[in-house]
Enquirer: 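Encoded as structure tokens, here's the structure I'll be asking about.
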Amino acid sequence: MAARVLACASCHGAEGEGTSDVYFPRLAGKPAGYLYNQLIAFRDGRRRYPPMNYLLEFLPDAYLQKMADHFAALRPPFPAPNIPTDSKEILARGETLVKEGDARSGVPACSACHGPALGGMEPAIPGLLGLRASYISAQLGGWRYGTRTAAAPDCMQIVAGLLSEDDVKAVAAYLSSRPAPNDPSFAPRGSLPMPLECGSQPR
Amino acid sequence: MPRTLTRLIFTLAAALVATSAMAQQKAPDAATLAKGEYLARAGNCIACHTAREGKTFAGGLPMKTPFGTLYTSNITPDPSTGIGTWTSDQFFNMMHNGRFPDGGLVYPAMPFGSYTKVTREDSDAIYAYLRTVPPVKRINTPHDLRFPFNNRSLILGWRTLFFKEGVYKPDSTKSAEWNRGAYLVEGLGHCGMCHTAINALGGSSESQAFEGGLIPMQNWYAPSLTSNKEAGLGDWSLEEIVDYLKKGVSARGAVYGPMAEVVYNSLQYLTDDDARAMAVYLKSLAQGTSPEKAQPPLPSAETSLLVSLGKPIYDRECASCHGAAGLGMPPHYPPLAGNQSIQMVSAVNAIRMVLNGGFPPGTMGNPEPYGMPPFAHRLSDDEVAAVVTFIRTSWGNRGAPVSARQANELRAATLN
């Protein structure tokens, strides 16, 4: 498999560890179901990034599943977390949003789906640690502007729509400043409350 | 929209006629339906008549042309929005003559210019099959063409110049296999739609059939299939051509760009016999010509500079897969030495491969293809020009050098 997916290495790293380009995400150790959903979404154009849409266009489901399984099983070390350059207030706001949400604007706690340790939940909710700030804000932006969509009902589109620009900046700053566990432990399927319904993760 | 209105009225009238006509028709047997499904694959109806993530055959796929955007039609048997009320005569008239049931002219983006060669029997089988697919209610999206191209009477001009009606006539001096190949390539396969230079009106000209051309809007070059100077199939073995068409990879080269779509959606489903028949015909098309080799490029100072810059880039970025001597590891990593497709006068394909990378299509014969990384984000225009010049001129290859400007222009090409 490693040889078959060398085409991915220059952007995602040979082990799916990510590269120095802050916009290219890590793939290793994410839940296989999540990675598979992303590959299908890129192939079918529901999630847009033209170089990847192009590469995957004529690949069958079974092969995309194998690619997902391959990267899900890899465990390269995480990069050191970001040394935060944002103010304490911004980081504190981020932490509150992630752990408790914001009752006033209706934002649910991210941890209600992504897990108290933010390691994600089987089979299709990814962890939120080990991602870089610009990647996180680009993804939340993608949902708000419709260049990224997940299976309907798309709960992340609702969540992203409830966040203000400042909120996005705060969660991205906070999440990217947290160290990632080297062995990701996903919460078991169905173990988290999930305040909204998500098409990619049936309750 | 007067045409829509007349068509609507006509459809209503046709519906009455059709119901009585259909009552008299025998239900087609399973063999006819299976044949119809197979032929619909060979004609690749599904690729154009299905939108991304849309329902099968419900149409709505945008087709960008230099004149504006066309939207493909709903060809499911839905009576009000699809072709549920069409009779087999009306269907044949569309395939064979490019006319709607009311006599209206069809845009040649629907490849009736090729489908005209399809026999009545085969058209009826496709018709029978299409009647059995799930009906979908989806009103056709109006085309979005610029003036004057939004006027369908212009199609008359195109037809006078480029359309020749007629079912395929077998050549009795050739084998049955050759004739079957010719029938598929010239007819349902509509290969000439891309492999023939496209003229200003979007038609493929009969006199230049299969001579190759740059596909408008897509910026890929479909090589000539008629001479050894471009595709060079005359030098390929039949097995190599069959592998290329059915599996998407072969010992001589892999499928990429728009050709990947054709193999993925259509050619991989051909029977071995039909793929071989196509190969026999394609090989004979190329064999008639003298294997013209391009002249060796004049060794100008600029070329030798590009080549000397290109070699280290090649050794660093490409040799691990394509080999230091350009031999590749076929079929998974195609050879570059002696590969006709990178030496053509048009360097578009080789430049785009380096910029965009690619996977051959995942087919039944090669379900897990190896891929090539894109280099657009890692190599500068100068570096792309240098490495492409290097592969076009090394190991006995005789392509012409390319400039950084050509590489730069193709960065903006739409990916999909």
Side-chain angles (χ1 to χ4, degrees), chain A residues 1-16 18-25 27 36-37 39-71 146-152 154 199-200, chain B residues 47 50-54 61-62 218 220 248-249 254-268 316-318 320-322 329 332-333 352-379 411-416:
Chain A
M1 241 356 246
R4 288 192 153 80
V5 295
L6 271 177
C8 324
S10 69
C11 296
H12 294 291
E15 298 262 276
T19 52
S20 56
D21 185 318
V22 293
Y23 188 61
F24 294 166
L27 305 178
Y36 175 67
N37 287 342
L39 294 174
I40 298 280
F42 280 116
R43 183 193 64 191
D44 295 343
R46 244 188 298 118
R47 186 171 172 183
R48 297 292 302 163
Y49 179 65
M52 279 201 49
N53 300 129
Y54 176 76
L55 284 180
L56 302 179
E57 196 172 0
F58 302 114
L59 299 180
D61 293 357
Y63 189 30
L64 297 182
Q65 182 70 62
K66 281 206 176 164
M67 286 187 181
D69 293 343
H70 168 76
F71 286 110
T147 51
R148 177 168 182 180
T149 47
D154 187 356
S200 48
Chain B
T50 309
R52 281 200 148 198
E53 292 201 291
L61 182 85
Q218 299 193 11
W220 283 100
V249 289
V255 165
Y256 53 83
M259 192 61 201
E261 187 272 306
V262 179
V263 170
Y264 185 74
N265 284 314
S266 174
L267 300 180
Q268 66 160 314
R316 189 177 75 231
E317 305 285 358
C318 324
S320 59
C321 296
H322 292 290
M329 283 176 253
H332 295 303
Y333 299 134
R352 290 207 57 186
M353 276 312 296
V354 172
L355 289 174
N356 307 136
F359 275 84
T363 56
M364 288 172 283
N366 184 38
E368 297 178 3
Y370 287 73
M372 161 153 168
F375 289 91
H377 60 298
R378 301 179 54 214
L379 297 180
R411 280 186 191 268
T414 18
L415 278 176
N416 72 347

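Convention: sequence-line order gives letters A, B, ...; per-chain numbering from 1. Because the structure is a prediction, the values reported are computed rather than measured.
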Enquirer: Side-chain donor-acceptor pair under 3.5 Å between A:Gln65 and A:Asp61, yes or no?
Expert: no
Enquirer: Side chain, backbone, both or neither: which part of B:Pro360 has an atom under 4.5 Å from a heavy atom of chain A?
Expert: backbone
Enquirer: Could you grab the distance from atom CZ of A:Arg48 to atom OG1 of A:Thr149, nearest 0.5 Å is fine?
Expert: 10.5 Å
Enquirer: Do you know which of B:His332, B:Met372, B:Glu261 has the most heavy-atom pairs under 4.5 Å to chain A?
Expert: B:Glu261
Enquirer: Select one option (side chain, backbone, both, neither) describing which atoms of B:Pro367 are under 4.5 Å from chain A's heavy atoms.
Expert: backbone
Enquirer: I'd like to verify something: which residue of B:Pro369, B:Ala376, B:Gly358, B:Ser320 has the highest number of heavy-atom pairs under 4.5 Å with chain A?
Expert: B:Pro369
Enquirer: Indicate the atoms forming the closest heavy-atom contact of A:Phe58 with A:Pro60, along with that distance.
Expert: O-CD, 4.0 Å
Enquirer: Has the side chain of A:Asn53 got a donor or acceptor atom that lies under 3.5 Å from a matching backbone atom of A:Arg43?
Expert: no
Enquirer: Do the rings of A:Tyr54 and B:Trp220 sit parallel, tilted or perpendicular, given the 30° and 60° boundaries?
Expert: parallel
Enquirer: What part of B:Tyr333 lies closer than 4.5 angstrom to a heavy atom of chain A: side chain, backbone, both or neither?
Expert: side chain
Enquirer: Heavy-atom distance under 4.5 Å to chain A: side chain of B:Glu368, backbone, both or neither?
Expert: both
